[in-house]
J.: 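Take this structure, written in structure tokens, and hold onto it; I'll ask about it next.
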2 protein chains.
Amino acid sequence: MTENGIQKRVPQVTVKRLSRYLRVLERFQEEGSETILSEELANELHLKPSQLRKDLAYFGEFGTRGMGYNIERLAEALRRILGLHRQWAIAIIGVGNLGTALLRYKGLNEKGFRVAALIDDDPEKVGSSRSGIHIYHIDDLPEVVKEKNIQIAILTVPAPSARATAEIVVKAGIKAILNFAPVSIKPPPEVICMPVDISSELKILSHHLTGLEEPGDSPRGHEKSPVK
Amino acid sequence: MTENGIQKRVPQVTVKRLSRYLRVLERFQEEGSETILSEELANELHLKPSQLRKDLAYFGEFGTRGMGYNIERLAEALRRILGLHRQWAIAIIGVGNLGTALLRYKGLNEKGFRVAALIDDDPEKVGSSRSGIHIYHIDDLPEVVKEKNIQIAILTVPAPSARATAEIVVKAGIKAILNFAPVSIKPPPEVICMPVDISSELKILSHHLTGLEEPGDSPRGHEKSPVK
DNA sequence: TAGATTGTTAATCGATTAACAATC
DNA sequence: TAGATTGTTAATCGATTAACAATC
């Protein structure tokens, strides 16, 4: 490990991979393994072992040369790094189809996370509840955030209101947003906003299929034809 | 434009951005604009204009120097590139919470896409339908794919069965998979598989929040402490 | 033509990977 | 000690960006 305290910025893709490493470790642990090699763990995710080791190196040393990694120990380290040793309270903003679905989605109710409030602006919905979680009015967000200690907002409002809603969320003091609205949100630098854009992923598939199908001499399909 | 037919590989991030450009164009068109500058379009997505122009350059020339882009024309070009001028039939594999939610999700029923079949292996579910779409048994996938001309599979099965299911999907001739299972899938090279990992995105948020909270002298929080 | 903005090149930046020294 | 595998460095690869020539 380096001696000085100078810290390289950790790329976001690295953090994302940490979460995937952890998932594999937990599976292997359940299956009874105690130890794992960087090669095994990396292969499981179709990555290079050197990438795994580089990712871990941002945070310290977790293995034993010649031996590999103790699964329990590495998993615990990753949980700490990812902040999963504490509990985060989530508010889902926008109780439509997607919001309701996410509420019931396992991934959001895993260890470390808890949906603590639902928010909407539709008077028909406000006051009722879904899966036992109360729906509050967006105007009451600041109070709800304080009372329930909300730290994460999941934005599932329609595109046209997404930006205004994001601003309200930020003003309420929330520092982390998972944005499902198909609109680019640029919050102040202390706030992180992760876009989840299913519709765009789908269009990548469509593009790929189009490339496969198209006839003609060009092996890669529709890219930049040499006409002119 | 280059004269020879040699084509640079298009990065996947570029294709993803094309889909986002298109969304902005459609919004501007609805608002009555006829023309847009690379700077306006890029700003809307918090990108650099040069990136937008580079992205488009993979596919050809779509603007007029000094004038910008004709919105209708560029949008039409992007739709063609993304393969949205034709219709894609989707099968959702795994009719649990998430699968059912996606079925109702607007993004999946946009122009260009249509959920044509649901697939499960639970005899309780097979034979019934959801939102008017029939649920078929996974064993019948090959026939369903042929009959309904399915091109895209959305994988929403539980993690333990994800890999086996993906293999069945590939064997049935499907060339595009949107994978919601928290498992890495490496299909043969002609098949594209896009992972959607909401749980990992959430953990990136958690990591970020942990970095904000942690006390101590280090400005970036928990990264690699100088102990030792 | 002069002014503006694209399309394209080259420079920059950042992430991945191979290779190996450190060390169990 | 010899064999194995980590942690780390340096080389490679690929994507972003600034800058400008082309051209409307």
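Numbered from 1 within each chain, the chains take letters A, B, ... in sequence-line order.
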J.: Atom CG of B:L52 and atom P of D:dT16: how far apart are they, to the nearest Å?
T.: 12 Å
J.: Starting the side chain at C-beta, find the nucleotide from C:dT16, D:dT16, D:dT6 nearest to A:K54.
T.: C:dT16
J.: Partner of D:dC20 by Watson-Crick or G-U wobble geometry, both contacts under 3.5 Å, or none?
T.: C:dG7
J.: From the options C:dA19, D:dG7, D:dA21, select the nucleotide whose nearest atom is closest to the side chain of A:Y69.
T.: D:dG7
J.: State whether B:R9 places a side-chain N or O below 4.0 Å from either non-bridging phosphate oxygen (OP1 or OP2) of D:dA15.
T.: yes
J.: What is the distance, to the nearest angstrom, from the CG atom on A:D55 to the P atom on D:dT9?
T.: 16 Å
J.: Considering only side-chain heavy atoms of A:K48, which listed nucleotide, C:dA18, C:dT8, C:dA15, is closest?
T.: C:dA18
J.: Indicate, with a heavy-atom threshold strictly under 4.0 Å, whether A:S50 touches base, sugar-phosphate, or nothing.
T.: base
J.: Less than 4.0 angstrom from a charged side-chain N to a carboxylate O is my criterion; do B:E110 and B:K106 meet it?
T.: no
J.: Nearest-nucleotide wise, let me know which of A:T14 and B:M67 is further upstream toward the 5' end of DNA chain C.
T.: B:M67
J.: I need the CG-P distance between B:N43 and D:dT17, as an integer number of Å.
T.: 13 Å
J.: How long is the line joining CD of B:E40 and P of C:dT5, in whole Å?
T.: 9 Å
J.: To the nearest 0.5 angstrom, please state how far the CD1 atom of B:I90 sits from the CD1 atom of B:I150.
T.: 8.5 Å
J.: Quick check: do A:L108 and A:I154 have side-chain heavy atoms less than 4.5 Å from each other?
T.: yes
J.: Could you give the OH-to-P distance, from A:Y58 to C:dA15, as a whole number of Å?
T.: 6 Å
J.: Ignoring backbone atoms, establish whether B:R65 has a side-chain N or O less than 4.0 Å from OP1 or OP2 of D:dC20.
T.: no
J.: Could you tell me the separation between the CZ atom of B:F62 and the P atom of D:dC24, rounded to a whole number of Å?
T.: 16 Å
J.: Would you mind telling me which of D:dT17, C:dT16, D:dT8 lies closest to the side-chain atoms of A:E61?
T.: D:dT8
J.: Given atom CG of A:L47 and atom C1' of C:dA15, what is their separation to the nearest angstrom?
T.: 13 Å
J.: Please round to the nearest 0.5 Å and tell me the distance separating atom CG of A:L84 and atom OG1 of B:T210.
T.: 7.5 Å
J.: For D:dT12, give its Watson-Crick or G-U wobble partner with both distances under 3.5 Å, or none.
T.: C:dA15
J.: Less than 4.0 angstrom between a side-chain N/O of B:T64 and OP1 or OP2 of D:dC24, yes or no?
T.: no
J.: Looking at B:R53 and C:dG7, is any side-chain donor or acceptor paired with a base atom of the opposite kind under 3.5 Å?
T.: yes
J.: Can you tell me how far the NZ atom of A:K16 sits from the CG atom of A:D55, to the nearest 0.5 Å?
T.: 13.0 Å
J.: Distance check needed: D:dC13 P versus A:Q51 CD, whole Å only.
T.: 16 Å
